[in-house]
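Everything below concerns the one structure shown next.
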Amino acid sequence: MRIATWNVNSAKQRMPRLLTWLEARQPDVVCLQETKLTDVAFADLLNEPLGDLGYEVAHHGQGGFNGVALLSRVGLADVERDFPGQPVFRGDTEARAISGTCDGVRIHSLYAPNGREVDSDHYAYKLEWFDALAAAIAAGPAAVALCGDMNVAPADADLFDPAAWVGQTHVTVRERQRLAALGLIDVTRVHWPEHPRLFSYWDYRAGMFHQDLGMRIDLVLASPPVAERVAAAWVDRAARKGKLPSDHAPVIVDLDEAPDGDIGPVVPPPSNPRRTGRTKLPHALD
DNA sequence: ATGGTGGAGTTTCCA
């Protein structure tokens, strides 16, 4: 099963690219963020072309800002908008979370609050949002993947220059603690433990992408039953190139088949690490 | 030149 997550920065502006990219990459499950559309507008624009590509679609949007979607061609069950305990900002529950079960995995498409300035009301909201998310995930299914724009760079290695972020959001200890407290595995980093430029976001301004001055804030965070199935995990930088790109690149993760629980009593071959149960994966979140 | 881009939606806010 191929899972992808992409902050498209307006599904309307990105529609031609999105459809071309889906055909090229053939993801089975797609998490989108910053659609910036209402549910009606998203459906009017995309339900037909996405249906033609074989996807079931669930969208949660408010128009203008935020907006998340979940596409699946391997089943899309028990769709939930928001998550239990999700905080409000200035009275509004923002459209930042949608989840569904796809081929046995609970998939969350998430757009974390930006935080704006450290210690602003938006920053406090961001921390509360992560706290509530952690509680909701802990109470949910064991096989889970959080996919999306988490607006936190897990480590300094996820920044082109850590000095450029001193005093700014996305890198503070409190934000990184919230990310780590989710207790999940950052599967892209696990598969590229030493990669110095595993960025997923580059500011539109000042030629940042062309100089590869970016940061990694788009993540797939998986629980052990999912993480141990990861065969590949990468950032699709090509999708950031060319005309009218999003400022984010997609992250793509391939999962091996789930272990089959219906083949009778199994004595797992001890030489196969996939069957010996997960003990430890390197480079979990700091 | 006192800025750099892009998307929202009206005029400035947001990222």
Side-chain angles (χ1 to χ4, degrees), chain A residues 5-21 31-46 59-69 87-97 109-130 147-154 158-161 163-172 175-176 178-179 199-219 235 237-251:
Chain A
T5 183
W6 193 5
N7 180 326
V8 291
N9 187 16
S10 173
K12 184 180 179 183
Q13 296 303 321
R14 226 59 63 209
M15 182 172 72
R17 285 183 84 100
L18 173 63
L19 296 174
T20 303
W21 176 82
C31 299
L32 302 176
Q33 298 86 39
E34 281 206 90
T35 61
K36 298 184 176 178
L37 293 173
T38 62
D39 291 345
V40 169
F42 187 92
D44 287 349
L45 200 62
L46 280 155
H59 182 265
H60 180 33
Q62 57 194 90
F65 300 107
N66 308 314
V68 287
V88 301
F89 182 66
R90 296 177 183 172
D92 289 328
T93 300
E94 298 179 317
R96 297 181 174 276
S109 179
L110 299 171
Y111 177 45
N114 175 285
R116 299 182 188 168
E117 306 288 333
V118 175
D119 291 328
S120 66
D121 59 347
H122 206 260
Y123 182 82
Y125 164 59
K126 182 178 191 176
L127 299 182
E128 290 170 17
W129 190 91
F130 274 103
C147 308
D149 178 355
M150 307 309 288
N151 268 320
V152 180
D158 299 308
L159 307 169
F160 78 85
D161 178 10
W165 271 274
V166 170
Q168 299 198 52
T169 58
H170 296 62
V171 304
T172 64
E175 288 165 281
R176 286 176 170 169
R178 294 319 192 279
L179 199 63
F199 306 139
S200 67
Y201 163 82
W202 302 259
D203 197 295
Y204 281 125
R205 291 168 285 189
M208 298 288 271
F209 176 69
H210 301 96
Q211 301 170 75
D212 201 12
L213 304 180
M215 65 194 307
R216 189 173 71 94
I217 55 177
D218 300 274
L219 309 176
V235 179
R237 291 185 81 257
R240 179 63 175 79
K241 299 179 180 177
K243 290 188 174 183
L244 297 178
S246 169
D247 44 0
H248 296 251
V251 176

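Residue numbering restarts at 1 for every chain, and letters A, B, ... go by the order of the sequence lines.
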For A:Gln62, what residues pass the side-chain hydrogen bond (donor to acceptor under 3.5 Å, both in side chains) criterion, not counting sequence neighbours?
A:Asn66
Taken in chain and number order and not counting sequence neighbours, the residues that satisfy side chain to side chain contact (heavy atoms under 4.5 Å, CB included) with A:Asp44 are A:Val40
Is the backbone of A:Val251 close enough, under 3.5 Å, to the side chain of A:Thr5 for a donor and an acceptor to pair up by distance?
no
Got a sec, which residues hit side chain to side chain contact (heavy atoms under 4.5 Å, CB included) with A:Arg17, two or more places apart in sequence or on another chain?
A:Arg14, A:Pro245
Applying ring-ring contact (aromatic ring centres under 6.0 Å, His included), name anything that partners A:Phe160, two or more places apart in sequence or on another chain.
A:Trp165
Span that lies between the P atom of B:dA1 and that of B:dT10, in whole angstrom
33 Å
Using a cut-off of under 3.5 Å, enumerate the N/O to N/O pairs linking the protein to nucleotides 12-15 of chain B.
{"unit_1": "B:dA15", "atom_1": "OP2", "unit_2": "A:Arg116", "atom_2": "NE", "d": "2.7"}

Tell me, which of residues 9-18 of chain A have any heavy atom that sits under 4.0 Å from an atom in DNA chain B?
A:Asn9, A:Ser10, A:Gln13, A:Arg14
Starting from C1' on B:dA8, measure out to CD on A:Gln33 and report it in whole angstrom.
18 Å
Using the test salt bridge (Lys or Arg N to Asp or Glu O under 4.0 Å), find all partners of A:Arg116 that sit at least two apart in sequence or belong to another chain.
none
Any residue meeting side chain to side chain contact (heavy atoms under 4.5 Å, CB included) with A:Phe65, in chain and number order, not counting sequence neighbours
none
Would you kindly give the CG-to-C1' distance between A:Leu37 and B:dG7, to the nearest whole Å?
11 Å
All side chain to side chain contact (heavy atoms under 4.5 Å, CB included) counterparts of A:Asp92, not counting sequence neighbours:
none
